[in-house]
Amino acid sequence: MPPLATAALSFAMVAAFLLGAVGLSQVRKPDRQTRQRGWLMVAMAIILVANVLIWTV
């Protein structure tokens, strides 16, 4: 795998972990709209991890 592709996958994993962490912190807030955005961030993190798994297999 070329170095640029490896760097892109690494960046995607870092972004997924950050999205998951921030999303979970948003889910715990009492505001309904903020909770919804948090769940969307968690869903995006799961999608990013799945994409990285697909590209590495």
Side-chain angles (χ1 to χ4, degrees):
M1 188 176 286
L4 185 60
T6 305
L9 293 176
S10 299
F11 182 73
M13 286 303 295
V14 170
F17 285 121
L18 289 174
L19 271 171
V22 173
L24 288 176
S25 71
Q26 295 289 320
V27 166
R28 288 183 272 175
K29 295 194 176 179
D31 184 22
R32 180 182 180 271
Q33 189 174 15
T34 306
R35 266 198 326 262
Q36 185 178 12
R37 287 182 184 154
W39 283 118
L40 288 173
M41 287 182 186
V42 171
M44 184 61 199
I46 292 169
I47 290 169
L48 271 176
V49 170
N51 281 331
V52 170
L53 286 173
I54 289 170
W55 279 98
T56 56
V57 172

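Values below: all heavy atoms of this structure, side chains included; hydrogens, waters and symmetry mates excluded.
- Once rounded to the nearest 0.5 Å, the distance linking CG of D31 with CD of Q26 reads 9.5 Å.
- In terms of heavy atoms, G23 sits closest to V42 at C-CG2, 3.9 Å.
- Expressed to the nearest 0.5 Å, how far CZ of R37 lies from CE of M41 amounts to 8.0 Å.
- Hydrophobic cluster membership differs between M13 and L24, with clusters built from Ile, Leu, Val, Met, Phe, Trp and Tyr side chains linked at under 4.5 angstrom.
- Scanning both residues, V52 and A12, for their nearest heavy atoms gives CG2-CB, 3.8 Å.
- Heavy-atom minimum distance, A45 versus G20: CB-N, 3.7 Å.
- With hydrogens and angles disregarded, no donor-acceptor distance shorter than 3.5 Å links the side chain of T34 to the backbone of P30.
- Residues V22 and L48 share a single hydrophobic cluster, defined by chaining ILVMFWY side chains whose heavy atoms lie under 4.5 Å apart.
- In terms of heavy atoms, M1 sits closest to L9 at SD-CD1, 3.6 Å.
- Both V49 and F17 sit in one connected hydrophobic cluster of ILVMFWY residues. Membership requires side-chain heavy atoms under 4.5 Å apart, directly or through other members.
- The heavy-atom pair separating R35 from K29 by the smallest distance is CG-O, 3.2 Å.
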